[in-house]
A.B. asks: 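What follows is a single structure, and I will ask about it in a moment.
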Amino acid sequence: MSTQHSKAAAAFLADADKATWHDATFWALRDKRDGMARGLGEWERLREAADAIKRHTLSHLDTYLERFAESAERNGATVHWAKDAAEFNSIVLGILQEAGVKKMVKSKSMLTEECEMNPYLERHGIDVVETDLGERILQLMHLKPSHIVMPAIHIKQEEVGRLFERELGSEKGNYDPTYLTYMARLSLRDEFLTAGAGMTGANFGVAESGDIVVCTNEGNADMSTSVPRLHIAAMGIEKVIPDYRSLAVFQRLLCRSATGQPTTTFTSHFRKPRPGARMHIVLVDNGRSDILANPDHWQTLKCIRCGACMNTCPVYRRSGGYSYTYFIPGPIGINLGMAHAPQAYSDNVSACSLCCSCDNVCPVRVNLSEQIYLWRQQLDSLGKANPEKKLMSRGMKVVFDSPALYNAALKFAPLANHAPRFALYNRLNAWGKGRELPVFAGESFHEMWKKGKVK
């Protein structure tokens, strides 16, 4: 029985050239990450420190959230608490309506994607403009991100060029990346100048100072908050960290893990409203407290959204971001989707080879593959186990429980070497797609042992 993921992956792989390019592009990012890691003798100690900081903060989350809120309010920001996506969207709409805002520019935020904020605000008459270049391209294409750091990296420049011809009036046939970037900046300039509010996400919230820290390579977060007189910051409650010493650890890990750069071009700290302006911070739970209470899966909250697990994942690289049904793809997306709604996103757990590469590159040492394995063990209790696999497992149990059947199977297995190909490779053998069965030995190990051929 094919899952939604496997069907979508098959469609992605139908374009072999694009699939090969996608694989190579993300492996190059993994390679750059490895180069950065090798260049820091203290790399593993930084990972250990990041893991310890996250473990400590999450186990004292209430204390640090209260400290953050007190610090932020002391700085002049207004702090709101949202228990779920609906309350978050309602709070943001209320702030905008109270200020009479009809247009809001925003920098990249996966939390707003999670809460489906954009369509909600648009239904209530608010024009929302994405200012991250990748997010803006996808917004004009009416597509979702396929990666959490490089949301539109799967889009070729020729596709962007044709899009900008239609939407921005760019020169026909001019697909030069520098020119296309210029056209995007030109169109966004007017959006910045005419927006009534700006929104940012938050890579980190520093409890001791009340800072919202945003890491970008384009400076769009600064533009979104420098021109409009109203700044709204959306922050998941797991993003809080204790202090600046902690921030220094994550700052050294984040960009090196994500894109293989020493740091992002801009690391912006928003502590208080500008003179004559207002700043609102919305702290969002939306199921995070439930994840924290789960002894097997709370470590997903350590994630700092670097995307390194996607860059290294052989399944993600070869199946694309849109093959996953949760809005975040890759290993971390599999776990987050299951943690939020296992019935809805159970098909994604098949999208893992359990190679453990994601665990090895995660800068905060989230046990991603172990958690995916644990989710697989729960599929039967969720009523989501593959019936074909269950049937095969029962058949294998019968064989393994019976020495006579097992030995008979070993004896006759070599007959498969002479079977016609159509009998072995057909739609009943999903494993055989892209794989070849091994040649069965004419004599089993058991037989060799009995005859004294093995010492």
A.B. asks: Residues in salt bridge (Lys or Arg N to Asp or Glu O under 4.0 Å) with Arg162, at least two apart?
C.D. replies: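 Partners of Arg162 under the salt bridge (Lys or Arg N to Asp or Glu O under 4.0 Å) test: none.
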A.B. asks: Sequence neighbours left out, what pairs pass ring pair (Phe, Tyr, Trp, His ring centres under 6.0 Å) with at least one residue falling in residues 164-191?
C.D. replies: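 For residues 164-191: none.
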A.B. asks: Mind checking what makes salt bridge (Lys or Arg N to Asp or Glu O under 4.0 Å) contact with Arg123, not counting sequence neighbours?
C.D. replies: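 So Arg123 forms no salt bridge (Lys or Arg N to Asp or Glu O under 4.0 Å) with any residue.
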A.B. asks: Tell me every residue that passes side chain to side chain donor-acceptor pair (under 3.5 Å) with Ser107, counting only those two or more places apart in sequence or in another chain.
C.D. replies: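 Checked Ser107 against side chain to side chain donor-acceptor pair (under 3.5 Å); zero matches.
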A.B. asks: Give me each pair satisfying salt bridge (Lys or Arg N to Asp or Glu O under 4.0 Å) with a member in residues 134-157, each pair once, sequence neighbours excluded.
C.D. replies: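 Qualifying pairs: Glu113-Lys144.
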A.B. asks: Identify, with sequence neighbours excluded, every residue that meets side chain to side chain donor-acceptor pair (under 3.5 Å) alongside Ser323.
C.D. replies: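 With sequence neighbours excluded, Ser323 shows a side chain to side chain donor-acceptor pair (under 3.5 Å) to His5, Ser319, given in chain and number order.
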A.B. asks: Listed by chain and number, what are the salt bridge (Lys or Arg N to Asp or Glu O under 4.0 Å) partners of Asp51, not counting sequence neighbours?
C.D. replies: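 Residues passing salt bridge (Lys or Arg N to Asp or Glu O under 4.0 Å) with Asp51: Arg55, Lys302.
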A.B. asks: Under 3.5 Å, side-chain donor or acceptor atoms of residues 13-22 against the rest of the protein: list the pairs with distances, not counting sequence neighbours.
C.D. replies:
| from | atom 1 | to | atom 2 | distance (Å) |
| --- | --- | --- | --- | --- |
| Asp15 | OD1 | Lys18 | N | 3.2 |
| Thr20 | OG1 | Ala16 | O | 2.9 |
| His22 | ND1 | Arg317 | O | 2.9 |

A.B. asks: Using the side chain to side chain donor-acceptor pair (under 3.5 Å) rule, collect all pairs that involve residues 247-257, keeping only residues at least two apart or in two chains.
C.D. replies: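 Passing the test, one end in residues 247-257: Glu42-Arg252, Gln251-Thr263, Gln251-Thr267.
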A.B. asks: Under the salt bridge (Lys or Arg N to Asp or Glu O under 4.0 Å) definition, can you give me all pairs with a residue in residues 278-288, not counting sequence neighbours?
C.D. replies: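 Counting only pairs at least two positions apart or across chains, the salt bridge (Lys or Arg N to Asp or Glu O under 4.0 Å) contacts touching residues 278-288 are Glu114-Arg288, Glu238-Arg288.
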A.B. asks: What pairs of residues pass the salt bridge (Lys or Arg N to Asp or Glu O under 4.0 Å) test when at least one of them lies in residues 97-111, not counting sequence neighbours?
C.D. replies: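 Pairs touching residues 97-111 that pass the test: Lys103-Glu191, Lys106-Glu130.
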A.B. asks: Mind checking what makes side chain to side chain donor-acceptor pair (under 3.5 Å) contact with Ser170, not counting sequence neighbours?
C.D. replies: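 Listed in chain order: nothing, the list is empty.
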